[in-house]
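Every chain is numbered from 1, with letters handed out A, B, ... down the list of sequences. Side-chain atoms are counted along with the backbone in the values below, which use heavy atoms only and exclude waters and symmetry mates. Only a predicted model underlies this, so the values are computations on that prediction, with no experimental measurement involved.
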Protein chains: 2
Amino acid sequence: MSKSELPRPTEAELAILRVLWDRGPSTVREVTDALQEARGTGYTTALKLLQIMIDKGLVQRDDSAKSHVYEAVAAAETTQRQLVSDLLERAFGGSAHQLVLQALSAKRASSDELAEIRVMLDEFEKKSK
Amino acid sequence: MSKSELPRPTEAELAILRVLWDRGPSTVREVTDALQEARGTGYTTALKLLQIMIDKGLVQRDDSAKSHVYEAVAAAETTQRQLVSDLLERAFGGSAHQLVLQALSAKRASSDELAEIRVMLDEFEKKSK
DNA sequence: TGATATCTACGAATCGCTTCGTAAGAATCT
DNA sequence: AGATTCTTACGAAGCGATTCGTAGATATCA
């Protein structure tokens, strides 16, 4: 079984993935604490979600210790790319520059950010040649 | 009541909105036909969705004729901006340039597209000054 | 007119997501 | 040991999204 076909994470699952990407491998307790303030997630809720995410292949688990340790299977960039790609098709009909435009409008991007994006474009173009 | 607080459309609702943005005001029949190939949506399914979307304020209806005519309340750009903004927070922690980067990676954007995006950045920067 | 087609409205079934209560086992404290 | 705390596992409730069947009203056709 290849890793290439992970399902799109749901909203709650994405919140958990963000914690795992941020903290690295973590226990249920640690995930719960991290989500406590932002979402008020309860302990058994986080546990259940992580168990479901194992079934889906989104996370893997090390259960050698008493408190199991969970880890995201896909890198942040991979999942983010999947999500953007999804939105691009579903909402923009594949028009990347429309998406970028709306992203900048939504964010009211600063000049610094715009400059950063320009650098990215340069690198991107260099690579694709 | 202001129009400013429309809920985020669901997946099926977004598919309908795209038809309405594309075609302009349309009947249930027209929406169903447009979605038939892409999604296999049945007539009563489209009708029910449109009725739900009226409750949510996503569409409005002209029922003066026998076949009611539905129209999107928000412009495409407005909803798209909302969706991108949402994804930006939920998946990227607000980092716009990370989102742009993943969008370009996902799309393998062409040089033409990249050029288009550069033009956009210029205009954007000009406006924000 | 009678049959057929088209439309709206409504209810219900189904499914996935999210949350929580509870039970049972294991470790820790007194 | 006995009580407390922490953990995993599991089931189920609640909710929203999606789909469809059916009924009833209205228009169209033969």
Side-chain angles (χ1 to χ4, degrees), chain A residues 5-20 25-71 79 82-83 86-87 90-91, chain B residues 5-20 25-71 79 82-83 86-87 90-91:
Chain A
E5 272 312 296
L6 294 185
R8 170 156 53 112
T10 67
E11 203 149 331
E13 287 167 352
L14 182 57
I16 285 188
L17 286 176
R18 292 237 280 145
V19 172
L20 296 181
S26 307
T27 64
V28 179
R29 171 69 47 202
E30 291 165 337
V31 169
T32 305
D33 288 350
L35 291 179
Q36 189 56 42
E37 34 191 66
R39 303 186 116 241
T41 306
Y43 184 90
T44 54
T45 299
L47 172 62
K48 181 68 162 187
L49 281 170
L50 282 165
Q51 288 168 345
I52 290 171
M53 291 168 79
I54 284 188
D55 286 344
K56 295 187 178 177
L58 292 172
V59 299
Q60 54 192 1
R61 171 172 74 173
D62 174 356
D63 56 1
S64 60
K66 155 137 207 239
S67 294
H68 301 172
V69 176
Y70 295 82
E71 181 178 5
T79 302
Q82 178 190 7
L83 292 171
D86 222 74
L87 185 66
R90 283 214 322 278
Chain B
E5 272 311 296
L6 294 185
R8 169 155 54 112
T10 68
E11 205 149 329
E13 288 168 352
L14 181 58
I16 286 187
L17 286 176
R18 292 236 280 147
V19 173
L20 297 181
S26 309
T27 64
V28 178
R29 171 69 48 200
E30 291 164 337
V31 169
T32 305
D33 288 349
L35 290 179
Q36 189 57 41
E37 34 189 67
R39 302 187 117 240
T41 307
Y43 184 90
T44 54
T45 301
L47 171 63
K48 182 67 160 187
L49 280 169
L50 282 164
Q51 287 169 344
I52 290 171
M53 291 168 80
I54 284 188
D55 287 345
K56 296 186 179 179
L58 293 172
V59 299
Q60 54 192 1
R61 171 172 72 172
D62 174 356
D63 56 0
S64 59
K66 153 138 208 240
S67 293
H68 301 172
V69 175
Y70 295 81
E71 182 179 6
T79 302
Q82 179 190 7
L83 291 171
D86 222 73
L87 185 65
R90 283 213 323 278

Could you check how far CG of A:Leu47 sits from C1' of C:dT22, rounded to whole Å?
13 Å
Would you mind reading off the distance between B:Ile52 atom CD1 and D:dG16 atom P, rounded to a whole angstrom?
11 Å
Are any of B:Arg29's side-chain N or O atoms less than 4.0 Å away from OP1 or OP2 of C:dT8?
no
Tell me the closest heavy-atom pair linking A:Thr27 and A:Val69, and the distance in Å.
CG2-CG2, 4.2 Å
Any side-chain to backbone donor/acceptor pair from B:Arg61 onto B:Gln51? Under 3.5 Å, distance only.
no
Nearest-neighbour nucleotide for the A:His68 side chain, D:dT8, D:dT18, C:dA9 considered
D:dT8
How long is the line joining CG of A:Leu50 and P of D:dA9, in whole Å?
11 Å
Dot-bracket notation for DNA chain D is requested: 5' to 3', Watson-Crick or G-U wobble pairs only, both distances under 3.5 Å, with ( ), [ ], | and . as defined.
||||||||||||||||||||||||||||||
Give a yes/no answer on whether the side chain of A:Gln51 brings an N or O atom under 4.0 Å of OP1 or OP2 in D:dC10.
no
Here the distance between atom C1' of C:dG11 and atom CG of B:Asp55, to the nearest Å, is 15 Å
In terms of heavy-atom contacts, A:Lys56 and A:Pro7 come closest through O-CD, 3.5 Å
What's the CE-C1' distance between A:Met53 and C:dT18, to the nearest Å?
13 Å
Has A:Lys48 got a side-chain N or O lying under 4.0 Å from the OP1 or OP2 atom of C:dG16?
no
Taking the side chain as C-beta and beyond, is there a heavy-atom pair between B:Leu35 and B:Thr45 under 4.5 Å?
no
Could you tell me whether the side chain of B:Arg8 and the main chain of B:Gln82 form a donor-acceptor pair under 3.5 Å?
no
What integer distance in Å separates B:Arg39:CZ from D:dA17:P?
14 Å
Checking contacts here: which listed nucleotide (C:dA9, D:dA27, C:dT18) is nearest the side-chain heavy atoms of B:Lys66?
D:dA27
Rounded to whole Å, the CG-C1' distance (A:Leu49 to D:dA9) equals 14 Å
What pair of heavy atoms forms the shortest contact from B:Leu58 to B:Glu13, and how long is it?
CD1-OE1, 3.7 Å
Please classify the nucleic acid contact of A:Thr10 as base, sugar-phosphate, or nothing, using heavy-atom distances under 4.0 Å.
sugar-phosphate
Does a side-chain N or O of A:Arg61 approach OP1 or OP2 of D:dA9 to a distance below 4.0 Å, or not?
yes
Please give, in whole Å, the distance from D:dC15 C1' to B:Lys56 NZ?
12 Å
Look at all strands and tell whether B:Ser67 reaches a base, only sugar-phosphate, or nothing, counting heavy atoms closer than 4.0 Å.
sugar-phosphate
Kindly give the heavy-atom pair with the smallest separation between B:Thr41 and B:Ala46, and that separation in Å.
CG2-N, 4.0 Å
Give the nucleotide from the list C:dC20, C:dA9, C:dC7 with an atom nearest to the side chain of A:Thr45.
C:dC20
Would you check if A:Ser67 and A:Val28 make a side-chain contact, meaning some heavy-atom pair closer than 4.5 Å?
no
B:Tyr43 side chain: which of D:dT19, C:dT8, C:dT19 is closest?
C:dT8
